[in-house]
Amino acid sequence: MEFRRFGGGLQFSIIDHIDLFAGDQTETLSQAIRRSVEDSAATAEDEPEANVLFGAIKGSVVGLRYYTGVVNKGEMVSLVRQPQNPYDKNAVMVANVYGSQVGHIKRQLAEPMAKIMDSNLAKVEGVVPFGVKNAFTMPVNLSFWGKEENKTAVINELKIHGFQLGPEFKGGSRSVEAGGPPDQWLAPPKSLMAIPLTPEQLKSAFDKLFDDLMEDKTREMEAAEAVCTPLLPHQKQALAWMVARENNNDLPPFWVEKNGLCFNVLTNFAVLERPESVLGGILADDMGLGKTLTTIALILTNFHNGKPLPLKKMESTQPVPGTAATKRKGSALKENSGTGDELPSEEVATPSCSKRRQDDSVTIVIDSEDEGESAAPKKKAKTKAKSKVPSKTKKGPIILIEDMDFAAALGGGVVAESSHKKKAQKKSQGVSKTSSIPVDSKGAGATLVICPLSVISNWLDQFEQHVRADVELSVYLYYGAERNREVKFLTQQNVVLTTYNVLSADYGGKKCSPLHEVKWLRVVLDEGHIVRNPNALQSKAVLNLTAERRWILSGTPIQNSLKDLWMLISFLKMKPFDVKEWWTRVIERPVTLGDGKGLSDLQTLIKGITLRRTKTSKVAGRAVVQLPERTVFVQKVTMSEQERRDYETVKKEGRDVIGRYVTEGTVLTNYADVLVILVRLRQFCCHPHLLGSLLSVGGSTADMSTPSELRERLINKITLVLSSGSDEECAVCLESLRQPVITYCAHVYCKPCICEVIRSEQANAKCPLCRAQIRTEELVEYPGEDAESASTESKDAWKSSSKVDALMSNLLRLRQEDPNIKSLVVSQFTKFLSVLEVPLREQGFSFTRLDGSMSQRCRAKAIKVFQDTAQGCPTIMLLSLKAGGVGLNLTAASRVFLMDPAWNPAAEDQCVDRCHRLGQKKDVVITKFIVKDSVEENMVKIQKRKQELVEKAFGGKNAQDRKQSRIEEIRALMEL
DNA sequence: ACCGCCGGGTGCC
DNA sequence: ACCGCCGGGTGCC
């Protein structure tokens, strides 16, 4: 059964237009550049087109008696070309919602239809109005959808063959039966007359799509005994809901049972056998509410046939601390060293911890003149040292790690399964299972958890922390070159943990992999929103997994559009929407056209499968989480006279260059240069050393004299752009840059992505952003951030800056008040972090550092020592804004110093949320340093103005306006 | 298919 | 009758 591919589906035009999900303020610069280029250049072919209805005709389905597929009155059918049909190459097959063939389109009509469909002039959709009992033929109403410019071609093609396209038939069968075609067409097409929702209504409806999903989800459930962490009330609710979802026997949304048949009220499709219940759903709780813990509780509580994992005392196979440095293949598997008092990340916030409201953040602006005294929060932080300390002897579940690097990176946090245990498991394969292996009636017992690499260690930690020591739960980390790919072995685990990358790498072109051969009890997609492009290999790999139950964990289930949702629905195998056509016809298009029915159907769909609580959600009148207060101070920094003079010099230079671009109207074409100038000014506000080797900007890269000079300049550019922290993304894969390279035309991509573009376009390859010729030999690689050389080179000549002074006086005062308080010092410039190391060392601060250039191993280590409250452990973490992304848990800190304003305030919030999250027991104080009368102040003003626009729902702008506002912004920044 | 079409049987009324 | 008519066989693409 082959299905016509829906090339990209329909554009979500209204929503794109009003920029519903991605507010202007969260846009990265590369997005802006990409868009401005796209606006002028030809539209990308793969983007879904705005399809309109050309009209409809009546056709007939013939050959019914040869096929088993049946349809209902008013049922939607899909039309699939069969070019290989031996009797007629124009054959068009008619299939029902489940893809069973019903018949063929009559030959005469199939001929023009084949032409239209093959040349992609229109998509054709069918509804059978009546005659479903007919034995030989039945009528079908065909509607044609396509791009406006193809309308005449379609009409003509049909006309040649004697078919006249008319207006759409009124929905359902009644009217069609009543009158002949001419009468039909005189009637106003009702579905087109329906008053569409306004973009504002649509926006607000969408914003609310994931709201208020709590009703009937308030029942609580205790976790299985195997979970040693007490669940918070909202987590118990989530557990009850998840268990119920997994054990439900309900029909999926929009299905009803009718005379022994199952009937889909949206497509009018009926089947004898019940459509599979959706066992699982979307847990869309806000970050920090404990999705990981809840999921672990689910795994243990709904372990087998709705029963929890039985408690079974382990024989004394548990290694004693300190003795278990088991060696395997020459590398040490580390044993939990049992420091004992590290705080478990997510479970420490007991309900009694804080009863204060957490949503009343205050912003206080303090002038630099009186920073000395009043910048300090008046309130003394109350330290509630009532943390629940895990027992020193506690041992977590068995975790088997094959990747030695990773094991080392995780340090003491992991207990390795000893080798003899593993052998025992291997031996038992196929005969009798070891006690830890459940024998499910369906043979499925293992849960597969797929997550981004960055949160793997979090999962391992949490299994360790939340699973009782005497519970034998096998957790296998399927990662690294040495991973065990045996299907039998994987099937026998209780939990297999892997990353999206490993999954799709295994899946690759082969379309199968060890993970795809296993029949999983449960598949969990952590941060599931990252799987969104249905064309990506990763998505296909995820969709093709076999599982009884499926879960998506995501704090932000809607990233950009409705299409992201399809991916989630499809993963959950919610019939019939796992097939794109039905999603498009039944949900996506109606919603796009502003049809209230479509929207309410979508709401129903989401409601049935989603649980979402935000930090502000209430459970029985009480907030789900009660986070400590969070206060934001803006501390203005005044430059010294010398600094001011130097700054003005740099600024004047830049202003001249940008001013020229503005008058020439070439700001956007020279965006890379503009960025460089802005970055330099921003760097200067922090510390003059950040500027590094001075480079001249302004000259077009094309007219450079020697290739080596050009290369050097490109390296400078890419370094500046990447260290600027604007979180550039690759315009090809839309992900964060991997192995960044810069083209001769000064645009930045992932190396693999742009190489693939060049390979496929051969000699004709053009830069996706500016259409300049590009060649592989001309790509210049990013040399990496060279923090070391920067700090050593400037060591003897080190001098302070006003901003550094401001930070240091804060830190010194803080240490005096409470030497145990920990702080995050955040900058977008890793070089600035290096500069800061000097005075910190001088003043005898113990600090650690986390930036993007560090390996997983170093990161894990840095986090661990910082979170450690023992004496002598670092009290300061130098954190690069980019590295402070999701998943990190830095609750040991209660002070945050944001050293420089970010383009994207959301990135700042996210960074602050690293410590202002579940587990934080102190009030969090955030200090933003802004240099007075500088580009920084202008940035803040622009941010504010944008925020106001968004709040007034004026966020929507057309492409031209946006381009213009980009330019206006740059002018405002440079005070031009 | 309670149709249309095909082709064999048949042939005044 | 080199036709018309009748009635059985048959039937998607």
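Numbered from 1 within each chain, the chains take letters A, B, ... in sequence-line order.
With rounding to whole Å, A:Arg65 atom CZ is found 6 Å from C:dC12 atom P. Atom-to-atom, CE of A:Met113 to P of C:dC12 comes out at 19 Å; the value is rounded to the nearest Å. As rounded to whole Å, 15 Å separates atom P of C:dC12 from atom CE of A:Met138. If you take NZ of A:Lys106 and C1' of C:dC13, they are 11 Å apart, rounded to a whole angstrom. One can place CZ of A:Arg107 at 15 Å from P of C:dG11, the figure rounded to the nearest angstrom. For the pair A:Phe136 CZ and B:dG4 C1', the computed distance is 13 Å after rounding to whole Å. With rounding to whole Å, A:Gln108 atom CD is found 11 Å from C:dC13 atom C1'. The nearest whole Å value for the distance from the CD atom in A:Glu111 to the P atom in C:dC13 is 12 Å.
A:Leu64 comes within 4.0 angstrom of no nucleic acid atom, judged by non-hydrogen atoms across all strands. Note on A:Asp88: only backbone sugar-phosphate atoms sit closer than 4.0 angstrom, heavy atoms only; bases stay farther off.
Rounded to a whole angstrom, the distance from the P atom of C:dA1 to that of C:dC5 is 16 Å.
Annotation: A:Tyr66 is not in aromatic contact with A:His104 [ring centroid separation under 6.0 Å not met].
A:Trp566 carries A:Lys580 over the face of its six-membered ring, with the cationic atom under 6.0 Å from the centre and within 45° of the normal.
Considering only heavy atoms from C-beta on, A:Ile609 comes within 4.5 Å of A:Ile569 through its side chain.
Looking at A:Lys575 and A:Asp578, a side-chain N of the basic residue comes within less than 4.0 Å of a carboxylate O on the acidic one, giving a salt bridge.
Shown here, C:dC12 forms no base pair; nothing in the strands shown gives a Watson-Crick or G-U wobble contact with both key distances under 3.5 Å.
The A:Tyr66 side chain lies nearest to C:dG11 when the options are C:dG11, C:dC13, B:dA1.
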